[in-house]
There are 2 protein chains.
Amino acid sequence: MSGPKEAQQAAELTYTISELAAEFGITARAIRFYEDQDLLQPERDGIKRVYLRRDRGRLKLILRGKRVGFSLSDIGEMLALYDPNNESREQLKLTLGKSRDRLAILRRQRQDIDEVIAELEDGCRQISDLMETQTETS
Amino acid sequence: MSGPKEAQQAAELTYTISELAAEFGITARAIRFYEDQDLLQPERDGIKRVYLRRDRGRLKLILRGKRVGFSLSDIGEMLALYDPNNESREQLKLTLGKSRDRLAILRRQRQDIDEVIAELEDGCRQISDLMETQTETS
DNA sequence: ATTGACGTTGACGTTAACGTCAATTATCAT
DNA sequence: ATGATAATTGACGTTAACGTCAACGTCAAT
């Protein structure tokens, strides 16, 4: 037998749970929790979880979803849109509907964010001005 | 004495808690909770809460903050930036710092949202195309 | 005086998204 | 073989943001 080391053949692109945790600045607990919620389905090497770049990608999407303010179940729905789920015509219509609903929410959110940003920028300007004014010129 | 009806003089611009609740599609419980968290400070007519347009404005800001994904304490900090809080130079620097931190978060969030929107729009296009394709032309 | 409709204050319940142990198991270097 | 190190599975704790329910006050209309 001339295998390099038994089972491990080629793909070196795997991650342990703590590697991912470190990379994304979260805890292993959180990652396991996402799995509990069916947002991740890592492989197993015996009992240990093995994450592939596919899983890493999904984790990235999960975290982006969180930053956007989505709940984990929201994120679950969105992730479902990405995998080979091209079902019946009815399913497609449903998916399309949900996507559009979410788009509406996102656009509203974007609008809100733009407003808050504008106000905060304005506030910062005013404070800066005020501070310049009251600066005792040396 | 020729008063119109004792204490009530001119300002007709007040709201009851359930009026506000109805207008904004939330519950009175929520509004009272915001008060508990010092996000609102309505007047009182005896024991009953009386909201002025100022309070209504703050409530609007609170709800926008929520849509953006802020926690109530985040929102509290942001509201604090709006009232006559023009304190010492030190305070101003602090406020300015916090505002800029929050701006950074908001810009990141805006970025994330734009990405998700783009992907979802793309997904919708693909689904639409697919559905047109499989449409049996009548 | 009574009946609703609305308002008030507790106080406890609930859900989401993990944190925080504890008890085990596997791995790896010494 | 032996710790040290990292991983696993429960199980219970925690925080935020209200929901829900009970018990009570109030005010206008009947």
Side-chain angles (χ1 to χ4, degrees), chain A residues 5-8 12 14-52 55-56 58-79 105 109, chain B residues 4-8 14-52 55-56 58-79 105 109:
Chain A
K5 213 171 190 187
E6 291 277 22
Q8 188 111 332
E12 184 64 30
T14 76
Y15 312 83
T16 81
I17 194 169
S18 45
E19 280 168 1
L20 285 186
E23 174 176 3
F24 291 109
I26 60 182
T27 66
R29 176 70 177 91
I31 297 181
R32 290 194 200 99
F33 184 73
Y34 299 151
E35 183 176 347
D36 249 50
Q37 309 298 305
D38 293 317
L39 303 183
L40 294 174
Q41 296 99 31
E43 308 290 319
R44 294 275 175 151
D45 172 18
I47 199 182
K48 294 194 169 176
R49 292 170 174 81
V50 176
Y51 298 87
L52 308 175
D55 302 306
R56 185 169 166 282
R58 287 178 74 98
L59 183 51
K60 235 179 196 171
L61 292 178
I62 292 170
L63 297 179
R64 192 181 60 182
K66 290 212 61 182
R67 286 193 306 268
V68 169
F70 287 167
S71 73
L72 293 188
S73 77
D74 284 345
I75 294 175
E77 280 194 31
M78 300 207 39
L79 286 180
I105 296 175
Q109 218 176 324
Chain B
K5 213 173 189 181
E6 292 276 23
Q8 189 111 329
T14 75
Y15 312 84
T16 81
I17 195 169
S18 46
E19 281 170 0
L20 285 186
E23 175 175 1
F24 292 110
I26 60 181
T27 67
R29 176 69 177 92
I31 297 181
R32 290 194 200 98
F33 183 71
Y34 298 150
E35 183 177 346
D36 249 50
Q37 309 298 306
D38 293 317
L39 303 183
L40 293 174
Q41 294 99 31
E43 307 292 317
R44 294 273 175 150
D45 172 20
I47 200 182
K48 295 191 168 177
R49 291 171 173 82
V50 176
Y51 298 89
L52 309 175
D55 302 306
R56 185 169 166 282
R58 287 177 74 97
L59 183 50
K60 234 179 197 171
L61 292 179
I62 292 170
L63 297 179
R64 192 183 59 185
K66 291 210 60 181
R67 287 194 305 268
V68 169
F70 287 168
S71 73
L72 293 188
S73 77
D74 284 346
I75 295 175
E77 280 195 30
M78 299 208 40
L79 286 179
I105 297 175
Q109 220 177 322

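For clarity, every value in this text was computed on a predicted model and none was experimentally measured. A note on names: the letters A, B, ... follow the listed sequences, proteins ahead of strands, and every chain is numbered from 1.
For B:Leu20 and C:dC6, the CG to P distance is 15 Å, given to the nearest whole Å. As a whole-Å value, the separation of B:Asp36 CG from C:dA11 P is 12 Å. One atom, CG of B:Leu63, and another, P of D:dC18, lie 9 Å apart when rounded to the nearest Å. The distance from atom CD of B:Glu19 to atom C1' of C:dC6 is 11 Å, rounded to the nearest whole Å. The CD-P distance, from B:Glu35 to C:dT9, rounds to 7 Å in whole Å. Nucleotide C:dC18 holds its C1' atom 12 Å from the CZ atom of A:Arg32, rounded to whole Å.
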List the steps, then state whether side chain to side chain contact (heavy atoms under 4.5 Å, CB included) holds for B:Leu59 with B:Arg56. CA-CA 5 Å; B:Leu59 183 50; B:Arg56 185 169 166 282; 5.6 Å; no
Check against side chain to side chain contact (heavy atoms under 4.5 Å, CB included), B:Met78 and B:Ile75: CA-CA 5 Å; B:Met78 299 208 40; B:Ile75 295 175; 5.6 Å; no
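Put simply, A:Thr27 has a side-chain N or O that comes within less than 4.0 Å of OP1 or OP2 on C:dG19. Side-chain nitrogen and oxygen atoms of A:Thr16 include at least one within less than 4.0 Å of the OP1 or OP2 phosphate oxygen of D:dA7.
Under the salt bridge (charged side-chain N to carboxylate O under 4.0 Å, His left out) criterion, A:Glu43 pairs with A:Arg54, not counting sequence neighbours. Shown here are the side chain to side chain donor-acceptor pair (under 3.5 Å) partners of B:Arg29, two or more places apart in sequence or in another chain: there are none.
Using a 4.0 Å cut-off on heavy atoms, none of the residues of residues 40-48 of chain B approach DNA chain D.
Within the 4.5 Å cutoff, side-chain heavy atoms of B:Phe24 are placed close to those of B:Lys60. Looking only at side-chain heavy atoms (C-beta outward), B:Lys48 and B:Thr16 stay at 4.5 Å or farther from each other. Residues B:Asp45 and B:Thr14 fail the side-chain proximity criterion, which asks for heavy atoms closer than 4.5 Å.
Judged purely by atom type and a 3.5 angstrom limit, B:Gln109 has no side-chain atom pairing as donor or acceptor with the backbone of A:Gly69. B:Thr27 places a side-chain N or O within 3.5 Å of a backbone atom of B:Ala30 that can act as its donor or acceptor partner.
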In residues 32-39 of chain B, what donor-acceptor pairs under 3.5 Å come from side-chain atoms, sequence neighbours left out?
from	atom 1	to	atom 2	distance (Å)
B:Glu35	OE1	B:Arg49	NE	2.6
B:Glu35	OE2	B:Arg44	NH2	3.4

Base-pairing string, 5' to 3', of DNA chain D - Watson-Crick or wobble, under 3.5 Å, | interstrand: ||||||||||||||||||||||||||||||
Between protein and nucleotides 13-17 of chain C, what N or O pairs are separated by less than 3.5 Å?
from	atom 1	to	atom 2	distance (Å)
C:dA17	OP1	A:Leu72	N	2.9

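We find the CD1-CD1 distance between B:Ile26 and B:Ile31 to be 4.0 Å, quoted to the nearest 0.5 Å.
The listed nucleotides are C:dC6, D:dA7, C:dT9; the one nearest the side chain of B:Arg49 is C:dT9.
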